[in-house]
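First the structure, in the form of C-alpha cells, and then the observations on it.
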Amino acid sequence: MIYFEKDKKFTGLDFIDINIPSDKAQLVAYFETRKTIFCEEQGLFQVSDYDDKDVHAIPIIAVNHYLGTPDSVVGVVRIYEENKREWFGGRLGVIKDYRSFSKFICPNLFKEKDVSALYQMSVAAGLIYRAVSLANYMGCDKFSAYVQEQNVKLFQRLHWNIEADIDLHGIKHFLMNANLEAYPAVPVYASSDSIVSFSKVA
C-alpha cells in the first residue's frame with residue numbers, strides 16, 4: 001500500500017497498492033495497461049504485446065485507490081523464471097499521468113526500516129522493488145531485465161549493473177542485472193481468490 005504526494009501537495013485521499021491481480025478484471029486491466037503503454041504510446045507492438053513469456057509470468061500491478069476503493073491500474077510489470085533460479089523482469093510501465101508521483105509511504109511493501117528511499121521515489125521504482133523482492137522470495141540467484149536506454153539511469157540508481165546492449169523491437173535496450181542484496185525477499189500477500197498462485201521455492 002502506497003500513500004502518495006503529487007507536486008509536493010498531499011492529496012489525503014488516494015493510495016497505490018502494488019500487488020498481483022486479485023481477480024480477472026484486474027488481469028484484464030493489466031494487459032490493457034500494457035497495450036496502452038507499449039502499443040499505443042510507444043508503438044513497439046501493433047496489436048498486442050502478449051508473448052510466450054506471459055504463459056508462466058507473474059503479473060504485478062500498481063492500482064490507484066480513491067477513498068479506500070480500487071480505481072484503476074496505473075502501472076505494470078511482470079516477472080518470470082527463465083532458468084532455474086534465474087529470473088527476468090519485463091513490461092515495466094506506468095501510465096503517463098502517474099509518472100510524476102513521488103514521496104511514497106509503503107507500509108506493506110517496505111516493511112524494513114532500512115529500505116532505501118530510492119525505491120519510493122516513483123511508481124516505477126516501487127514496481128521494480130516489488131518485482132525483484134518477490135523473485136528473491138521465490139528463490140532467485142540472478143535477476144535481469146532488458147531496459148530501454150532512457151531508463152538506464154533509474155535502474156543504476158536502484159542498484160542495477162549493465163551487462164550488454166541489444167536491439168529489441170527496433171529500440172536500443174541494455175541487459176541489466178540487479179544486485180539482489182539490495183532487494184530483501186518480500187512475499188506478496190494474495191487473497192484466497194487471487195488468480196495467481198505461487199509459493200516460496202526451497
Side-chain angles (χ1 to χ4, degrees), residues 2 16-20 30 33-34 37-38 42 44 49 51-54 56-62 74-94 98-99 101-102 104 106 108-169 171-190 196 198-202:
I2 300 176
I16 294 176
D17 185 36
I18 300 181
N19 212 327
I20 60 175
Y30 160 79
T33 302
R34 281 175 39 175
I37 296 170
F38 300 110
Q42 297 187 10
L44 298 178
D49 70 330
D51 61 19
D52 59 343
K53 305 298 184 184
D54 284 308
H56 302 293
I58 298 174
I60 298 173
I61 56 176
V74 301
V76 294
V77 71
R78 69 179 182 182
I79 62 173
Y80 55 91
E81 193 172 21
E82 184 75 2
N83 298 299
K84 187 174 182 180
R85 298 183 67 86
E86 293 185 359
W87 289 75
F88 264 83
R91 299 297 195 269
L92 172 69
V94 178
Y98 284 80
R99 291 171 191 167
F101 280 70
S102 61
F104 297 97
C106 314
N108 290 337
L109 182 55
F110 304 118
K111 290 182 177 296
E112 300 297 330
K113 293 182 179 180
D114 59 349
V115 173
S116 172
L118 288 173
Y119 301 119
Q120 304 175 52
M121 67 181 177
S122 67
V123 177
L127 284 162
I128 293 168
Y129 186 85
R130 171 64 87 189
V132 184
S133 63
L134 175 58
N136 228 348
Y137 173 80
M138 299 283 289
C140 178
D141 294 328
K142 184 178 182 180
F143 193 102
S144 307
Y146 293 105
V147 180
Q148 292 185 31
E149 187 171 12
Q150 69 269 20
N151 297 323
V152 167
K153 288 185 178 180
L154 168 64
F155 277 76
Q156 288 177 323
R157 291 182 68 187
L158 300 178
H159 309 289
W160 289 63
N161 298 308
I162 295 175
E163 181 175 317
D165 60 88
I166 186 173
D167 184 87
L168 293 174
H169 314 296
I171 301 294
K172 187 174 183 179
H173 286 69
F174 290 84
L175 176 61
M176 302 187 72
N177 300 319
N179 177 0
L180 296 179
E181 293 183 358
Y183 294 85
V186 179
V188 168
Y189 298 98
V196 180
F198 49 89
S199 58
K200 185 174 181 179
V201 178

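Hydrogens, waters and symmetry mates play no part in the numbers below; they use all other heavy atoms, side chains included. Just so you know, residue 1 is the first one in the sequence shown, and it goes up from there.
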Worksheet entry | Donor-acceptor pair, side chain of N177 and main chain of E163, under 3.5 angstrom | no
Determine the minimum heavy-atom distance between [X] and [Y], stating which atoms define it.
X: I166; Y: Y146; value: CG2-CD2, 3.7 Å
X: F38; Y: L92; value: CZ-O, 3.3 Å
X: S133; Y: P184; value: CB-O, 3.2 Å
X: Y129; Y: A182; value: CE1-O, 4.2 Å

Item to complete: Supply the atom-to-atom distance I18 CD1 to L134 CG, rounded to the nearest 0.5 angstrom.
Response: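 One gets 12.0 Å once the value is rounded to the nearest 0.5 Å.
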Discussion item. Can you tell me how far apart OG (S144) and CZ (F174) are? Round to the nearest 0.5 Å.
Written reply: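 Between atom OG of S144 and atom CZ of F174 there are 15.0 Å.
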Item to complete: Can you label the angle between the Y80 ring and the F88 ring as parallel, tilted or perpendicular, going by 30° and 60°?
Response: parallel
Worksheet item: For Q150, does the CD atom sit with more than 12 other heavy atoms under 6.0 Å from it, leaving out its own atoms?
Response: yes
Worksheet item: Counting only heavy atoms not in R157, do more than 12 sit closer than 6.0 Å to its CZ atom?
Response: no
Discussion item. Could you check whether R78 pairs with D54 (Lys NZ or Arg NE/NH1/NH2 to Asp/Glu carboxylate O, under 4.0 Å)?
Written reply: yes
Worksheet item: Given E82, which of K142, K53, H56 fulfils the side chain to side chain donor-acceptor pair (under 3.5 Å) condition?
Response: K53
